[in-house]
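Model, not experiment: these values are computed from the prediction.
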Amino acid sequence: MTHAELSTGYQTAQIAHATAEFIFSKMLKAGNWKRTSNSLIVLEATNAEHLSQLLEQAKTLNIATAEFREPDMGDEITAIAFAPSEETPILLAGLPCAGRTP
């Protein structure tokens, strides 16, 4: 997930960073995802604050995440990868796909 205040180019790069962070920091969960699903859905939050709120909610629900903060943007949170779980679709329901107008 990324946020709508970023350009398409920045969104793409930030999503790649968060995905790489997830794979390297959560190898077992990433391996399970690869074997059982291998699906990616790229969603868009409103802004960095919205991303931070979703990250905190995910932690409360014990959803594994990996966030990326862009050094060139003052370490602003720019993307989050969420592990698949029963709670993940509930948390992220209703958010638009990245690059689409809701």
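Judged as a side-chain hydrogen bond (donor to acceptor under 3.5 Å, both in side chains), the pairs with a partner in residues 85-96 (not counting sequence neighbours) are, in order, Ser85-Glu87, Ser85-Thr88. Annotation: salt bridge (charged side-chain N to carboxylate O under 4.0 Å, His left out) contacts involving residues 51-66, sequence neighbours excluded, comprise Glu56-Lys59. Sorted by first then second residue, the salt bridge (charged side-chain N to carboxylate O under 4.0 Å, His left out) pairs that include residues 63-72, not counting sequence neighbours, are Glu67-Arg69.
Judged as a ring-ring contact (aromatic ring centres under 6.0 Å, His included), and not counting sequence neighbours, the contacts of Phe68 are His17. Every residue was checked against the salt bridge (charged side-chain N to carboxylate O under 4.0 Å, His left out) condition with Glu21, not counting sequence neighbours, and none meets it.
Between the side chain of Ser37 and the backbone N or O of Trp33 there is no donor-acceptor pair closer than 3.5 Å. No donor-acceptor pair under 3.5 Å is formed between the side chain of Thr2 and the backbone N or O of Ala79.
Rounding to the nearest 0.5 Å gives a distance of 6.5 Å between CD1 of Ile80 and OG1 of Thr65. Separating the CG atom in Asn32 from the NZ atom in Lys34 is a distance of 12.5 Å, to the nearest 0.5 Å. Between Leu95 atom CG and Met1 atom CE the span is 4.5 Å, to the nearest 0.5 Å. Distance CD1/Ile77 to CG/Asp75: 11.0 Å, rounded to 0.5 Å.
A heavy-atom distance below 4.5 Å is not found between the side chains of Phe82 and Leu43.
For the side-chain hydrogen bond (donor to acceptor under 3.5 Å, both in side chains) with Gln11, the qualifying choice from Glu44, Glu5, His3 is Glu44, the only one to do so.
Taking every heavy atom of both residues into account, Ala83 and Ile63 meet most closely at O-CG2, 3.7 Å. Residues Ala81 and Ala18 come closest through the heavy atom pair CB-O, 3.7 Å.
A 6.0 Å sphere centred on CG of Leu61 holds more than 12 heavy atoms belonging to other residues, nucleotides or ligands. Heavy-atom contacts from other residues, nucleotides or ligands closer than 6.0 Å to NZ of Lys29 number 12 or fewer.
When the side chains of ILVMFWY residues are joined at heavy-atom separations under 4.5 Å, either directly or via intervening members, Ile41 and Ile23 end up in two distinct hydrophobic clusters.
The hydrophobic cluster around Met73 extends to Leu6, Tyr10, counting ILVMFWY residues whose side-chain heavy atoms fall within less than 4.5 Å of a member.
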